Amino acid sequence: MHMNSAPHLLTEDRPEYERILDDALRHAHERPDLATVGERLNPVQLRTMAMDATALITATAATEYEHYVKAREELRATAAAQDQDTDRETAWGTGADVPGRPGAGVGAVVTVLAPMLAGTAAVIFLLVGYILKMLSPPPSFAGTMVGAGWFFAAVTAAAILIAAIGLLITALRNGSTSMSAEDPGEELPEDVARAREAWRHALLERGILPFLRDALADPGAAPAARTPYRSANRIPKIGYSRPDFSSPDDGPAAAPRPTFTSPDFTSPDFGGPEHELD
């Protein structure tokens, strides 16, 4: 049985593997060793074969991939710790529970209740104030109640604006944290980006390109769709072989088996009439 200790390609990295494979097939004619693409096997057939052999191809860059995954996990752990610290400091804008503090943050409660309370007060004061102004003569405090109603209406608008800004800042902060931990490219720290690029290069040079060269050089390849390519010198045989059971060549001669015969039953010998019983 062939054992392979290479780390399995994670689902999140399969699109990157496919992208590198597609890029290699797209620029195959720029390489002299892959110039025969389309004569025996077309790019679609080669891609199907390479996808079937993903585990074997990615095993050629196992060391680089393991280093890349480890660096990426460390980055995510650091980003998660920083995000928890930020949430602890700004829990008033998220409403999330904070260790050492029961329930939601005080700021979150105020942000939710302030618009409701101020809006209710504004409606009550405005309604009562304008009703009193309709009386003849209007009470002297009718104008005061109308003014108080408009004041609470302004407080309601301000509270809604502050709550919207807090939610927007929280969304932007969470989004930037997620991008720094997940998105590839320039957002990654230098060590993670370097490990990722090393894996890409090793996967292309030691895995994908040699596989495509072997597939094109295989004399058994045909233009028609075929089963995935298997090269004896590159792709090992994986699995278990069936045990070989065979009968002994020359064993001792079998002893004769005992035979049984049925007993010989005969009828009693009766004589003539003289033997009749009295």
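The chain is numbered in sequence order, starting from 1. All values derive from a computational prediction rather than experimental measurement.
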Just jot down the salt bridge (Lys or Arg N to Asp or Glu O under 4.0 Å) partners of Glu190, sequence neighbours excluded, or say none. Arg194
Which atoms form the tightest heavy-atom contact between Ala50 and Ile57, and what is the distance? O-CD1, 3.7 Å
Does Asp13 reach the side chain of Arg72, with side-chain heavy atoms less than 4.5 Å apart? yes
What pair of heavy atoms forms the shortest contact from Gly129 to Met145, and how long is it? CA-CB, 4.0 Å
Taking every non-hydrogen atom, the tightest pair across Val192 and Ala71: CG2-O, 3.7 Å
Residues clustering with Leu127 (ILVMFWY side chains joined when closer than 4.5 Å, directly or via others): Ile131
Leu212 side chain reached by Leu25 side chain, heavy atoms, under 4.5 Å: yes
Got Leu21 and Phe211 here, is their nearest side-chain heavy-atom distance under 4.5 Å? no
If you define the side chain from C-beta out and look only at heavy atoms, does anything of Gln45 sit under 4.5 Å from Asn42? yes
Given Met49 and Leu41, is the side chain to side chain contact (heavy atoms under 4.5 Å, CB included) satisfied, shown in steps? CA-CA 10 Å; Met49 294 162 60; Leu41 297 173; 3.8 Å; yes
Tyr17: what forms a ring pair (Phe, Tyr, Trp, His ring centres under 6.0 Å) with it, not counting sequence neighbours? none
For residues 150-160, pull every pair meeting side chain to side chain donor-acceptor pair (under 3.5 Å), keeping only residues two or more places apart or in separate chains. Tyr130-Trp150
Charged N to carboxylate O below 4.0 Å: is that the case for Lys70 and Glu73? no
Determine, stepwise, if the pair Asp33 / Leu209 fulfils side chain to side chain contact (heavy atoms under 4.5 Å, CB included). CA-CA 9 Å; Asp33 51 350; Leu209 292 180; 5.7 Å; no
According to salt bridge (Lys or Arg N to Asp or Glu O under 4.0 Å), who are the partners of Asp22, at least two apart in sequence or on a separate chain? Arg47
For the student: nearest non-hydrogen atoms of Ala122 and Gly149, plus distance: CB-O, 3.4 Å
Distance-only criterion, 3.5 Å: show the donor-acceptor pairs between side-chain atoms of residues 133-144 and protein atoms not counting sequence neighbours.
none

Output all residues satisfying salt bridge (Lys or Arg N to Asp or Glu O under 4.0 Å) with Arg14, sequence neighbours left out; order by chain, then residue number. none
Does Met116 have more than 12 heavy atoms from other residues, nucleotides or ligands lying within 6.0 Å of its CE? no
Shortest non-hydrogen contact between Thr58 and Ala55, atoms and distance: OG1-O, 3.2 Å
Among all residues two or more places apart in sequence or in another chain, which pass the side-chain hydrogen bond (donor to acceptor under 3.5 Å, both in side chains) test with Asp23? Arg26, His27
Those residues at least two apart in sequence (or on a different chain) that pass side chain to side chain contact (heavy atoms under 4.5 Å, CB included) with Val37 are Ala28, His29, Leu34, Pro43, Leu46, Leu216
Path from Val123 to Val155 over hydrophobic side-chain contacts below 4.5 Å: no
Honestly curious: do Met51 and Leu204 fall in one hydrophobic cluster under the side-chain, below-4.5 Å linking rule? yes
Side chain to side chain contact (heavy atoms under 4.5 Å, CB included) filter on Glu197, not counting sequence neighbours, yields Arg200
Those residues that, when tested against Glu74, pass salt bridge (Lys or Arg N to Asp or Glu O under 4.0 Å) (two or more places apart): none
Between Ala148 and Phe125, what is the shortest heavy-atom contact and its length? CB-CD2, 4.0 Å
By side chain to side chain contact (heavy atoms under 4.5 Å, CB included), which residues pair with Ala163, not counting sequence neighbours? Thr111
Gap between atom CD1 of Ile208 and atom CG of Leu203 - 0.5 Å precision: 4.0 Å
Aromatic ring pairing Trp199/Tyr65, orientation class (parallel under 30°, perpendicular over 60°, tilted between): tilted
With a 4.0 Å cut-off, would you call Arg76 and Glu12 a salt bridge? yes
